[in-house]
Enquirer: 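This is the structure, below, for whatever I ask next.
Numbers here simply count residues along the sequence, with the first being 1. Worth saying up front: this structure is predicted, and the values here are computed from it rather than measured.
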Amino acid sequence: MLHVIDHPVIKHKLTIMRKTITGTKDFRQNLDEIGSLMTYEITKNFPTRDVKITTPMGETIGKELDKDVVLVPILRAGLGMVSGIQQLIPTAKVGHVGLYRDEETLEPHFYYAKFPPNIANSTVLVVDPMLATGGSATAAIDYVKKTGATDIKLVCLVGVQEGIDAVEKAHPDVDIYLAAKDEYLNEIGYIVPGLGDAGDRIFGTK
C-alpha cells in the first residue's frame, strides 16, 4: 500500500532540498529533519506492549514498542536518512545493502549486505531517498526477506509511479511511504522534478 505523507513542514523542507542552489550542509540537514517527521507518521500504528514502571510518585503501567526496529539503508544515498530516523528511534539497529545502478541498463547490481542478528523478528525500514525505477528497492527487499524478516516497510523521500508499480508487483506485502510522489522518469532514469543525484548532494561528491 502506498502512503504519501502530506505535511506542510515536510513540503517546505523538501522544496529547499529540490533547489539547485541548496548546498550539502542544508541538503543533509533537511533530509535529517524530513526523516524524523516521516518516522513520526510511519510509527503511529506500531504495536506496543504494557510495561510496569516506577515513577517518582509510584508504580504505573506504561507502553513500549512491541518489536525492535532495524533500519536498512540502500548504500550509499540511504545512509543520509538514518540519522533523522534514529533521532526518534535511537535504539534502532542498522543493517546495510550495497547496490549500484548500471547507468546504461538502469539495472541494480549487488555488492554488500550485513544485517543485525535480530532482523527476522523486527520491524524493518528499508530506506532510500529516491524510488525511481524500483529496481534497487525491489532487490534490497529481496535480500531483507532472505533473513526471514516479514514486517518490512519501504521509506523514500520522492518516488514515481513506475517505481511504485515495480515494488508493489514484486512485494505486495510491503507498505511504501513517500514524502512526495513526483511526475515521471526522464530518459536517463532520473526522477523529475526530483532532487538530482541524492548521493552526490548528501556527500558532496559532485
Enquirer: Are L185 and L178 linked, directly or through other ILVMFWY residues, by side chains that come within less than 4.5 angstrom of each other?
Expert: no
Enquirer: What distance separates T138 OG1 from K169 NZ, expressed to the nearest 0.5 Å?
Expert: 10.5 Å
Enquirer: What do the steps show when you test T150 against D173 for side-chain contact (heavy atoms from CB on, under 4.5 Å), and what is the final call?
Expert: CA-CA 9 Å; T150 57; D173 55 330; over 6 Å; no
Enquirer: Using the rule that two of Ile, Leu, Val, Met, Phe, Trp, Tyr join whenever any of their side-chain heavy atoms come within less than 4.5 Å, decide whether L88 and F46 are in one cluster.
Expert: yes
Enquirer: Could you check whether atom NE2 of H12 has more than 12 heavy atoms from other residues, nucleotides or ligands sitting under 6.0 Å from it?
Expert: no
Enquirer: Indicate, with yes or no, if V126 and I202 share a hydrophobic cluster defined by side-chain heavy-atom contacts under 4.5 Å among Ile, Leu, Val, Met, Phe, Trp and Tyr.
Expert: no
Enquirer: Going from CD1 on I16 to CG on N30, what distance comes out if it is rounded to the nearest 0.5 angstrom?
Expert: 4.5 Å
Enquirer: Can you tell me how far apart CE (M81) and CG (L71) are? Round to the nearest 0.5 Å.
Expert: 9.5 Å
Enquirer: Exactly one of V94, V97, V124 should register a side chain to side chain contact (heavy atoms under 4.5 Å, CB included) with F115. Which one does?
Expert: V97
Enquirer: Hey, could you give me the CG/CD1 distance between D182 and I191, rounded to the nearest 0.5 Å?
Expert: 6.0 Å
Enquirer: Quick check on the hydrophobic clustering: are I74 and L131 connected, directly or via other members, by side-chain heavy-atom contacts under 4.5 Å?
Expert: yes
Enquirer: Show your working on side-chain contact (heavy atoms from CB on, under 4.5 Å) between V158 and M130 and close with a plain yes or no.
Expert: CA-CA 5 Å; V158 299; M130 317 295 284; 3.6 Å; yes
Enquirer: Is there a path from L31 to L125 through hydrophobic residues (I, L, V, M, F, W, Y) whose side chains come within less than 4.5 Å of each other?
Expert: yes
Enquirer: Look at atom NZ of K63 and say whether more than 12 heavy atoms of other residues, nucleotides or ligands are closer to it than 6.0 Å.
Expert: yes
Enquirer: If the threshold is 4.0 Å, N to carboxylate O, is there a salt bridge linking R76 and D200?
Expert: yes
Enquirer: Could you label the plane-to-plane angle of the H3 and Y177 rings as parallel, tilted or perpendicular, counting under 30° as parallel and over 60° as perpendicular?
Expert: parallel
